[in-house]
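Computed over heavy atoms, backbone and side chain alike; hydrogens, waters and symmetry mates excluded.
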Amino acid sequence: MSQLQLADQAGVNASVVNRAERGKDARLSTWGKLFEGLGYRLRLDVTELSEEVGALLVEEADWRRE
């Protein structure tokens, strides 16, 4: 499937597909659309693995803002 075909199936711009293929950041909703365009449904199971998860999420958010 070409990038243009996937973009059409997913209802997104071809540049979004190109960015995803290059490993650039994309919203979770965008990944959901891309997977659905490929015939899959993205399903997440979020489970707390430790008591430090909250602190790790704050660190990640701070890192992304920099």
State yes or no: do [X] and [Y] share one hydrophobic cluster built from I, L, V, M, F, W and Y residues joined by side-chain heavy-atom distances below 4.5 Å, directly or via other members?
X	Y	value
Tyr40	Leu42	yes
Leu38	Leu44	yes
Trp63	Leu57	no

**Request:** Quick one: closest heavy-atom pair of Met1 and Gly37, and the distance?
**Result:**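 Closest pair (atom of Met1, atom of Gly37, distance): CE-O, 4.0 Å.
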
**Item:** Minimum heavy-atom distance Ala14-Gln3, with the two atoms named
**Value:**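 Distance-wise, the nearest heavy atoms are O-OE1, 4.4 Å.
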
**Message:** Take a 6.0 Å sphere around CZ of Arg22 and say whether it holds more than 12 heavy atoms from other residues, nucleotides or ligands.
**Reply:**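 More than 12 heavy atoms, drawn from other residues, nucleotides or ligands, come within 6.0 Å of this atom.
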
**Message:** Less than 4.5 Å apart, side chain to side chain, heavy atoms only: is that true for Val17 and Leu4?
**Reply:**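 No - every pair of side-chain heavy atoms lies 4.5 Å or more apart.
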
**Close side-chain approach of Asp62 and Arg65, heavy atoms under 4.5 Å** =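 Yes - at least one pair of side-chain heavy atoms lies under 4.5 Å apart.
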
**Prompt:** Roughly how far, to the nearest 0.5 Å, is the CG atom of Leu34 from the CG atom of Leu6?
**Reply:**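 Taking CG in Leu6 and CG in Leu34, the distance rounds to 5.5 Å.
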
**Value rounded to 0.5 Å, distance of CZ in Arg41 from CD in Glu36** =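 Atom-to-atom, Arg41:CZ and Glu36:CD are 5.5 Å apart.
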
**Request:** Please determine if Asp25 and Arg64 form a salt bridge, counting it only when a charged side-chain N lies under 4.0 Å from a carboxylate O.
**Result:**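 Result for this pair is yes, salt bridge flagged.
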
**Message:** I'd like to check the side-chain hydrogen bond (donor to acceptor under 3.5 Å, both in side chains) partners of Ser29; sequence neighbours left out, ordered by chain and number.
**Reply:**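 side-chain hydrogen bond (donor to acceptor under 3.5 Å, both in side chains) list for Ser29, sorted by chain: empty.
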
**Request:** Not counting sequence neighbours, list each pair that qualifies as a side chain to side chain donor-acceptor pair (under 3.5 Å) and has a residue in residues 4-16.
**Result:**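 For residues 4-16: Ser2-Gln5, Asn13-Ser15.
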
